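The structure appears right after this line, and notes come after that.
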Protein chains: 2
Amino acid sequence: MAVHHDMHAPVHDCADCPIRHRAVCARCETDELIKLEQIKYYRSYQAGQTLIWSGDRMDFVASVVTGIATLTQTMEDGRRQMVGLLLPSDFVGRPGRAVAAYDVTATTDLVMCCFRKKPFEELMSSTPHIAQRLLEMTLDELDAAREWMLLLGRKTAREKIASLLAIIARRDASLKLKAPKGAIVFDLPLTREEMADYLGLTLETVSRQISALRKDGIIELEGKRHVVVRNFDALMEETGDDSDGGFLV
Amino acid sequence: MAVHHDMHAPVHDCADCPIRHRAVCARCETDELIKLEQIKYYRSYQAGQTLIWSGDRMDFVASVVTGIATLTQTMEDGRRQMVGLLLPSDFVGRPGRAVAAYDVTATTDLVMCCFRKKPFEELMSSTPHIAQRLLEMTLDELDAAREWMLLLGRKTAREKIASLLAIIARRDASLKLKAPKGAIVFDLPLTREEMADYLGLTLETVSRQISALRKDGIIELEGKRHVVVRNFDALMEETGDDSDGGFLV
DNA sequence: TCCTTCGTTTGATCTGCATCAAGGCAGACC
DNA sequence: GGTCTGCCTTGATGCAGATCAAACGAAGGA
């Protein structure tokens, strides 16, 4: 998720927000931020906990401070598809909608910064640039969703796995000190089953393809979750994406 | 695509827009509409024509007046995935982005109402409710994209076909005089190949599944494109969605 | 009129991934 | 220690949908 703060650069963190969240910290010391401060509150959740069930009333909107959450849809017979991955600074909830459309689950311990919906909406209508910021974020998410549609509809299992690893690797690389000279190293934040739900596969296929990428020397594994990518270009070759930009997430 | 005009009801059509388009006609006779009128212009395209190629410079945004257009992504080896279906009143283009991310193709003869991007963006920053309107539309599209991810990742070929037919049937029913007492009747606006690109299938599978639904009495076909649905509930049964609301498109 | 083209249907076969099944490994708890 | 539980791996088998191939019908053009 490329962070766009261009319109109000430089951005810095709120006093008591460990992570700046895009929807909130347009520019500290503005009136609207003060108002946001007045209506915000924090909530913590444990790994595995489902914060919101599809169909629940939603009386707040929120942004992720630390941890990872997922959005999933479930069919009557239990088939599940993950439709969103929420990383720190991502926004959940929809102004103008009363009922949640997806299950929201914490895959790691999670801290959310919440705003009661009513005051948030009032603030939104009185301070135009919040809507513009949200629009920009939503358009980014839409691009990511469409990239994901290509993956789900047309990529092979191996390409799906490579794509997911590349996304996680890239994100981790950008979070840490930039330009990792050598190997990219990261921990998978998802179980095999969650990866399967994300990719439209079964957990067995996920496991097999990860093993295959390991055997082919594309990645190295230490334990089940810790991944080393020595040659990022080789991994990108496996994704099926054209060499350059590609993923917007 | 549920049409939301609630915030400024009643909405009526612009003098020379045959179809009201959500982003534009908030309420006629407002200042911003007059300004929009000043920067808008129409363009027509023939069926099959590609209006915009992924990577092209985009110096305008637009909304569909009549006809149908598609957004597609293509992989290097030619695999294609449709990622959006643009119906009358839908919006194309992204304020704040210079380059198109997808191919945009007219599947029928098409009329677009265009706005040069620069003035549109200026107007957007001076008239807040345009951003709010666009946000609402974009959130709808995001919901649709996520519904589509479930389809692509987890539905069977038969369920995919039934879902697509149900969406088209429902849309047509809402465009025409509402509450069709008996059968729903419509023409497929897409070729088998386009349907395949939409659904993440091959055209042969699309053809076979349509034949199967016909044999099973779920739909009737007159010619290749004309579809009769006598029992909409029976069609919905085949989609795999839970009975009630479901699709947001 | 015939011929071509394009979209489509249908058949035969192949294959990638799902499914079913068994077992391994590490951490927690007794 | 032992055993339980959650997560993961690997093997054997089956099947939905892809692929390869042929042919049909309607529209259009010579």
Side-chain angles (χ1 to χ4, degrees), chain A residues 46-49 75 77-81 105-108 151-165 187-216 219-227 238 240, chain B residues 46-49 70 75 77-81 105 107-108 151-165 187-216 219-227 238 240:
Chain A
Q46 295 180 331
Q49 201 176 351
M75 295 172 68
D77 60 6
R79 281 176 280 175
R80 280 161 52 89
Q81 177 65 50
T105 307
T107 63
T108 64
L151 178 146
L152 290 170
R154 295 303 187 191
K155 287 190 179 180
T156 65
R158 169 182 266 244
E159 287 169 342
K160 288 178 176 181
I161 296 289
S163 298
L164 179 57
L165 293 176
D187 284 306
L188 289 172
L190 304 174
T191 66
R192 300 291 186 265
E193 186 173 20
E194 287 164 337
M195 294 172 71
D197 284 342
Y198 209 148
L199 299 170
L201 298 171
T202 59
L203 68 92
E204 294 94 330
T205 297
V206 169
S207 179
R208 272 186 251 273
Q209 295 298 333
I210 289 178
S211 298
L213 288 175
R214 184 171 48 68
K215 286 205 188 77
D216 296 348
I219 60 172
E220 293 164 36
L221 275 182
E222 294 165 9
K224 315 278 188 193
R225 299 289 195 94
H226 194 75
V227 180
E238 301 291 336
Chain B
Q46 294 180 331
Q49 200 175 351
T70 63
M75 295 172 68
D77 60 5
R79 280 175 281 173
R80 281 160 52 89
Q81 177 63 51
T105 307
T107 63
T108 65
L151 178 146
L152 290 171
R154 295 302 186 193
K155 288 191 178 178
T156 65
R158 170 183 266 244
E159 287 169 341
K160 288 178 176 182
I161 296 288
S163 299
L164 180 56
L165 292 176
D187 284 307
L188 289 172
L190 303 174
T191 66
R192 300 290 186 264
E193 185 172 22
E194 287 164 337
M195 293 173 72
D197 284 342
Y198 209 149
L199 299 170
L201 298 170
T202 59
L203 69 93
E204 293 94 332
T205 298
V206 170
S207 179
R208 272 187 251 272
Q209 294 298 335
I210 289 179
S211 298
L213 288 175
R214 183 171 49 69
K215 288 205 188 78
D216 294 347
I219 60 172
E220 293 164 36
L221 274 181
E222 294 165 8
K224 316 279 187 190
R225 298 290 195 93
H226 194 73
V227 180
E238 300 291 337

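Remember, predicted model here, so these are calculated numbers, not experimental data. Labels below follow one simple rule: chain letters A, B, ... track the order of the sequence lines, proteins then strands, and each chain is numbered from 1.
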SB check B:E238 B:R158 (cutoff 4.0 Å): yes
Looking at B:D197 and B:R80, is any side-chain nitrogen of the basic one under 4.0 Å from a carboxylate oxygen of the acidic one? yes
Is the backbone of A:L199 close enough, under 3.5 Å, to the side chain of A:K160 for a donor and an acceptor to pair up by distance? yes
Looking at B:M75, is its backbone amide N or carbonyl O close enough to the side chain of A:R154 to form a donor-acceptor pair, meaning the two atoms are under 3.5 Å apart? no
Interatomic distance, [X] [atom1] vs [N] [atom2] [rounded to whole Å]:
{"X": "A:I161", "N": "C:dG16", "atom1": "CD1", "atom2": "P", "value": "16 Å"}
{"X": "B:E194", "N": "C:dC6", "atom1": "CD", "atom2": "P", "value": "15 Å"}
{"X": "A:R154", "N": "C:dC17", "atom1": "CZ", "atom2": "P", "value": "14 Å"}
{"X": "A:D197", "N": "D:dC8", "atom1": "CG", "atom2": "P", "value": "12 Å"}
{"X": "B:R214", "N": "C:dT8", "atom1": "CZ", "atom2": "P", "value": "14 Å"}
{"X": "A:M195", "N": "D:dC8", "atom1": "CE", "atom2": "P", "value": "9 Å"}
{"X": "B:E222", "N": "D:dA26", "atom1": "CD", "atom2": "P", "value": "15 Å"}
{"X": "A:E193", "N": "C:dT19", "atom1": "CD", "atom2": "C1'", "value": "15 Å"}

Would you tell me if any nitrogen or oxygen in the side chain of [X] comes within less than 4.0 Å of OP1 or OP2 on [N]?
{"X": "B:T202", "N": "D:dA18", "value": "yes"}
{"X": "A:R208", "N": "D:dT10", "value": "no"}
{"X": "B:T205", "N": "D:dA18", "value": "yes"}
{"X": "A:T191", "N": "D:dG6", "value": "no"}

Using a 4.5 Å cut-off on heavy atoms from C-beta on, say whether the side chain of A:H226 contacts that of A:E220. no
Regarding [X], tell me which of base, sugar-phosphate or nothing describes its non-hydrogen contacts under 4.0 Å with the strands shown.
{"X": "B:L203", "answer": "base"}
{"X": "B:R225", "answer": "sugar-phosphate"}
{"X": "A:I210", "answer": "nothing"}
{"X": "B:G200", "answer": "sugar-phosphate"}

Regarding C:dC20, can its base be found pairing with the side chain of A:E204 as donor and acceptor, where the two atoms are less than 3.5 Å apart? yes
Hey, which sits more toward the 5' end of DNA chain C by its nearest nucleotide, A:L201 or B:L190? B:L190
